[in-house]
Amino acid sequence: MPELPEVENVRAGLEMRLTGRTIEKVEVYWDNIIASPAIDEFCERLKGQQFERIERRGKFLLFFLTDVAILSHLRMEGKYQIVPHATPRTKHTHVIFHLDYEDDLRYLDVRKFGRLSLVEKSNIYQHPSLQKLGPEPTDEALSVYAMQQFLKSRTKSIKGVLLDQSMVAGLGNIYVDEVLFRAGIHPETPGKQVKYQQLEILREAIIKVMKEALQAGGTTIRTYANSFGDPGHYQDFLQVYGKKGKPCPNCHTPIQKIKVAGRGTHFCPHCQKLPQKAEGVTP
DNA sequence: AACGCTGCCTGTGGGC
DNA sequence: TGCCCACAGGCAGCGT
């Protein structure tokens, strides 16, 4: 599943290859992929538009064209590829942007969970999906103080908080398990019970893991590939995700898999303990 | 305000 | 071996 490092990799590849290219025609083969506007308007307004630049915010891709912009989320299995017009369309190809010079930009998605929206360039950052996002997981944007303020009123698990994108943007199920392991925090710890000192460690872990995964070209568990079709390599550095029953890299206790916030969750029961309640202390 | 549930989807793999 | 069904999961939308 593409999370921030994978999406950033896709962004860089697409920007390199699409800048200056013109869309001649758009074909949509699965209507629900287009969140808005209506299919006809989506296709019509993109005709003749030229790619200027491609940005990323959290796990969203922002394509800036001559007059309009496209907001794109890959969700679980979305992929972009650039191929010659003549390439046969596979059954998982749902949108084809016909470009100049006999090429296509194609959107593929086995699960059909991904979404594309055509939006006005001037107010793309006012889009509700982007408004909900917390800061980027970088040294400059993410502060311990803001995390502490955010968590003050949160009773739900720290894993649930990290998945919902509003405290910090870009992490998904894999990287949440990895950063909580590195910070020594049990995934079920209620948000408000994470101590300030642990938050400092968590912030560092988030920034470090995102940076390392980006440099490794992302994580390929099943199917992820960038726009060149290349897989990532960060799966070789995962410490807990997908390691159920394997020894913890720190203490050799078997990694456990449980369900937290409705998601498969991997952690070390020895290195990641729930905070103890104050009650029950003998006088 | 914060939380939890449901719908969207199809390929995979565990159980029998 | 082959069939069936539960499961996987990010986000939007909605109810509480």
Side-chain angles (χ1 to χ4, degrees), chain A residues 1-8 10 28-37 39 56-62 70-80 90-95 107-119 124 126-134 136-137 146-180 187-194 210 213 218-225 235 238 240-245 257-266:
Chain A
M1 59 224 76
E3 306 179 32
L4 186 152
E6 294 76 29
V7 177
E8 177 57 27
V10 170
V28 177
Y29 297 91
W30 190 265
D31 290 359
N32 283 351
I33 299 288
I34 311 303
S36 74
I39 311 291
R56 180 196 53 74
R57 178 77 176 88
K59 303 177 210 171
F60 287 85
L61 287 166
L62 289 65
I70 299 169
L71 187 59
S72 166
H73 199 298
L74 304 173
R75 299 279 178 96
M76 306 303 298
E77 308 226 19
K79 284 170 192 58
Y80 282 102
T90 65
K91 69 177 202 172
H92 298 309
T93 303
H94 307 309
V95 183
Y107 178 74
L108 292 76
D109 193 338
V110 169
R111 307 287 284 281
K112 298 175 177 165
F113 272 14
R115 293 291 180 268
L116 297 175
S117 299
L118 183 78
V119 297
I124 186 167
Q126 271 60 253
H127 191 282
S129 301
L130 298 185
Q131 283 288 310
K132 285 176 199 150
L133 298 177
E136 291 287 310
M147 290 168 70
Q148 186 193 33
Q149 292 301 307
F150 186 93
L151 288 171
K152 255 203 239 173
S153 55
R154 311 293 156 141
T155 55
K156 75 170 170 184
S157 66
I158 186 66
K159 166 133 188 180
V161 171
L162 289 171
L163 283 174
D164 100 350
Q165 310 297 304
S166 52
M167 181 173 79
V168 53
L171 283 74
N173 202 40
I174 296 173
Y175 295 120
V176 168
D177 284 4
E178 291 299 313
V179 301
L180 288 175
E188 288 178 306
T189 310
K192 55 160 67 175
Q193 286 187 36
V194 182
M210 288 294 104
T219 302
T220 297
I221 296 291
R222 256 173 33 77
T223 61
Y224 165 75
Q235 62 276 13
L238 297 178
V240 289
Y241 185 86
K243 308 287 184 191
K244 179 185 172 185
K257 185 177 181 185
I258 58 173
K259 192 158 276 219
V260 181
R263 301 289 177 262
T265 300
H266 312 74

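Chain letters run A, B, ... following the sequence lines, proteins first and then strands; every chain starts at 1. Since we're looking at a predicted model, the values are computed, not measured.
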Just to confirm, is there a sub-4.0 Å distance from OP1 or OP2 of C:dA12 to any side-chain nitrogen or oxygen of A:Ser129? yes

Near-strand residues of residues 146-156 of chain A, defined as heavy-atom separation under 4.0 angstrom from DNA chain B: A:Ser153, A:Arg154, A:Thr155, A:Lys156

A:Gln148 side chain to A:Lys192 main-chain N or O, any donor-acceptor pair under 3.5 Å? no

Can you tell me how far C1' of C:dG10 sits from CD1 of A:Ile33, to the nearest Å? 13 Å

Under 4.0 Å, counting only non-hydrogen atoms across every strand here, what does A:Gly262 touch: a base, just sugar-phosphate, or nothing? nothing

Do any side-chain nitrogens or oxygens of A:Gln165 fall under 4.0 Å of OP1 or OP2 in C:dC11? yes

Short side-chain N/O contact from A:Lys59 to OP1 or OP2 of C:dG10, under 4.0 Å: no

If you look at every strand shown and take non-hydrogen atoms under 4.0 Å, does A:Tyr241 touch a base, only sugar-phosphate, or nothing? sugar-phosphate

With a 3.5 Å cut-off and just heavy-atom distances, do the side chain of A:Arg263 and the base of C:dG10 make a donor-acceptor pair? yes

From B:dC8, C:dC11, B:dT10, nucleotide with atom closest to A:Arg75 side chain: C:dC11

Please report, rounded to the nearest Å, how far the P atom of B:dC3 is from the CG atom of A:Asp164. 8 Å

Which is more 5' along DNA chain C, the nucleotide nearest A:His127 or the one nearest A:Phe113? Just name the residue. A:Phe113

Which heavy atom of A:Val260 sits nearest a heavy atom of A:Pro187, and at what distance? CG1-O, 3.9 Å

Terminal axes of the helix from B:dA2-C:dT16 to B:dC16-C:dG2 (five pairs each): angle between them, nearest 10 degrees: 50°

To the nearest angstrom, the CD-C1' distance between A:Glu3 and C:dG10 comes to 10 Å

Starting at CG of A:Asp177 and ending at P of C:dA8, how long is that distance when rounded to a whole Å? 13 Å

Is any side-chain heavy atom of A:Asp164 closer than 4.5 Å to a side-chain heavy atom of A:Lys132? no

Side chain to side chain, A:Ile174 and A:Leu238, heavy atoms closer than 4.5 Å: yes

Check every atom of B:dG11, C:dA8, C:dC11 against the side chain of A:Lys257 and return the nucleotide holding the closest atom. C:dA8

Taking atom P of B:dA2 as reference, at what distance in whole Å does atom CE of A:Met167 sit? 13 Å

Minimum side-chain heavy-atom gap A:Lys59-A:Leu74 below 4.5 Å: no

Does a side-chain N or O from A:His92 land closer than 4.0 Å to OP1 or OP2 of B:dG11, or not? yes

Could you go through the salt bridge (Lys or Arg N to Asp or Glu O under 4.0 Å) check for A:Arg57 and A:Glu136 one step at a time? CA-CA 7 Å; A:Arg57 178 77 176 88; A:Glu136 291 287 310; 2.8 Å; yes

Short side-chain N/O contact from A:Asn32 to OP1 or OP2 of B:dC9, under 4.0 Å: yes

Closest heavy-atom pair, A:His94 versus A:Lys91, reported as atoms and distance to 0.1 Å, is CE1-O, 3.8 Å

Which part of the nucleic acid does A:Lys91 contact within heavy-atom distance under 4.0 Å: base, sugar-phosphate only, or nothing? sugar-phosphate

A:Asn173 has an atom CG; how far is it from atom C1' of C:dC7, in whole Å? 13 Å

Taking only side-chain N and O atoms of A:Trp30, does any of them lie within less than 4.0 angstrom of OP1 or OP2 on B:dC9? yes

4.5 Å side-chain heavy-atom contact, A:Thr219 and A:Tyr175: yes

I want to verify a distance call: between B:dC9, C:dC11, C:dA12, whose nearest atom is closest to the A:Lys132 side chain? C:dA12

Give a yes or no answer on whether the side chain of A:His266 reaches the backbone of A:Asp177 with a donor-acceptor pair at less than 3.5 Å. no

Would you say that A:Met210 contacts A:Leu171 through its side chain, given a criterion of any heavy-atom pair below 4.5 Å between the two side chains? yes

Do A:Trp30 and A:Asp109 touch side chain to side chain, with heavy atoms closer than 4.5 Å? no

Protein-nucleotide distance (A:His73, atom NE2; B:dC9, atom C1'), rounded to Å: 16 Å

From CD of A:Gln131 over to C1' of C:dC11, roughly how many Å is that when rounded to an integer? 17 Å

